[in-house]
2 protein chains.
Amino acid sequence: MNQRNTKQKEIILKILDENRIHPTMQEIYDLAKKEDQNIGQATVYRNINKLVEDGMVIKIPSVGEEGYHYDINNHPHTHLVCNSCGKIIDIFENDYEKFIKKIASNNSVIIKKSLLVLEGICNNCKK
Amino acid sequence: MNQRNTKQKEIILKILDENRIHPTMQEIYDLAKKEDQNIGQATVYRNINKLVEDGMVIKIPSVGEEGYHYDINNHPHTHLVCNSCGKIIDIFENDYEKFIKKIASNNSVIIKKSLLVLEGICNNCKK
DNA sequence: CTCTTATTGATAATGATTATCAATAATATT
DNA sequence: AATATTATTGATAATCATTATCAATAAGAG
């Protein structure tokens, strides 16, 4: 016996999968409470941390502010923190992986993980 | 009167300038203590935070672990956290700014700041 | 159905960061 | 040079997010 599937774990995964709003730990907890009134905060922390460890979830630091946001690690992509609306926007840049590989080869290093966070103004707010 | 130059501020700036080891807040405090036995930890926090706000210092989140490291924001560059020796290596990639500009234009967004943190194996440890 | 133990919920503990505030010292003004 | 103003400091308390603890629960193997 190594891993067990619990109701709580399923709820948390479902929240991450259905709410692509890059929620904070607190927001995930609040959403989880709506599904299960009795879920504990520590349970949310434990599960999210394990998902990050296992590489299934990305932990996004804010460029300016404190704190972290979380996102499902589906396709490699980056995030833009919008200074105007405050949202975190997914940026799918085709050449991202290519660029990372280029850095690795140019600098003779091995890159296992990468994190690119942008800060500025999103498409919507620019208009 | 807006800003004042203090002995403490100078010590902290000198530490950041001379020690390109990407120290943590604690490490900066320890180094500062060697220069001035009476410097307070809160003073280090206050000064570093202001330098980050003013854009003179970069706050680098660890990809895997918790906590932050700090670095003078001289030329735009990125950082590689080495999983072998634990050091943070500066990576000066010529096309970095070009790549960021490309993302901005491809996605119709304005990018004011960016943060790229890499995790893997550095040049030295690879050998 | 029973047993093992991973996981949970509640709560205490931790630890890093921030707020508070009187004392100090930088610098503008006299 | 002396004084006044107030930004900054150092010490400490307060805060807050995260983690550790632990008995109770429940997932899943046998």
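Being a predicted model, the structure only gives us computed values, none of them experimental. Naming: A, B, ... by sequence-line order, numbering from 1 per chain.
A salt bridge links A:Glu35 to A:Lys14: at least one charged side-chain nitrogen sits closer than 4.0 Å to a carboxylate oxygen.
Put simply, NZ on B:Lys33 is 11 Å from C1' on D:dA11, counting in whole angstrom units. Computed from coordinates, the B:Tyr29 OH to C:dG15 C1' distance equals 15 Å when rounded to whole Å. Rounded to whole Å, atom P of C:dT18 lies 14 Å from atom NZ of B:Lys50. Atom P of nucleotide D:dT9 and atom CD of B:Gln37 are separated by 17 Å, given to the nearest angstrom. Spacing between atom CG of B:Asn2 and atom P of D:dT8 amounts to 8 Å, rounded to whole angstrom units. Per the geometry, CD1 belonging to B:Ile48 stands 16 Å off P belonging to C:dA16, to the nearest Å. B:Gln41 has its CD atom 14 Å from the C1' atom of D:dT9, to the nearest Å. Remark: P of C:dA26 and CZ of B:Arg4 are 9 Å apart, rounded to the nearest angstrom.
Contact check, A:Tyr45 against D:dT18: a side-chain N or O comes under 4.0 Å of OP1 or OP2.
The shortest distance between side-chain heavy atoms of A:Val117 and B:Ser114 does not fall below 4.5 Å.
When each of B:Gln8 and A:Asn49 is assigned the nucleotide of DNA chain D bearing its nearest heavy atom, the one mapping closer to the 5' terminus is B:Gln8. Comparing B:Thr6 and B:Gly67 against DNA chain C, the residue whose closest nucleotide sits nearer the 5' end is B:Gly67.
No contact: A:Lys7 has no heavy atom under 4.0 Å from any strand.
Counting distance only, with no hydrogens placed and no angle test, the side-chain atoms of A:Arg46 and the base atoms of D:dT19 include no donor-acceptor pair under 3.5 Å.
Closest contact between the side chain of A:Asn47 and the listed nucleotides C:dT8, D:dT9, D:dT19 involves C:dT8. Among the nucleotides D:dT8, C:dA10, D:dT9, the one closest to any side-chain atom of A:Ala42 is C:dA10. The side chain of B:Ile39 lies closest to D:dG10, out of C:dT8, D:dA20, D:dG10. Closest to the side chain of A:Tyr68, out of C:dG9, D:dT9, D:dT18, is D:dT18. Considering only side-chain atoms of B:Asn5, the nucleotide from C:dT18, D:dA17, C:dT27 that sits closest is C:dT27.
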| Verdict with supporting geometry, B:His79 and B:Asp71, side chain to side chain contact (heavy atoms under 4.5 Å, CB included) | CA-CA 10 Å; B:His79 296 97; B:Asp71 191 13; 2.9 Å; yes

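Contacts of B:Tyr68 classified as side chain to side chain contact (heavy atoms under 4.5 Å, CB included), with partners at least two apart in sequence or in another chain: A:Glu66, A:Tyr68, B:Lys59, B:Pro61, B:Tyr70. By the salt bridge (charged side-chain N to carboxylate O under 4.0 Å, His left out) test, A:Asp54 is found to be paired with no residue, residues two or more places apart in sequence or in another chain being considered.
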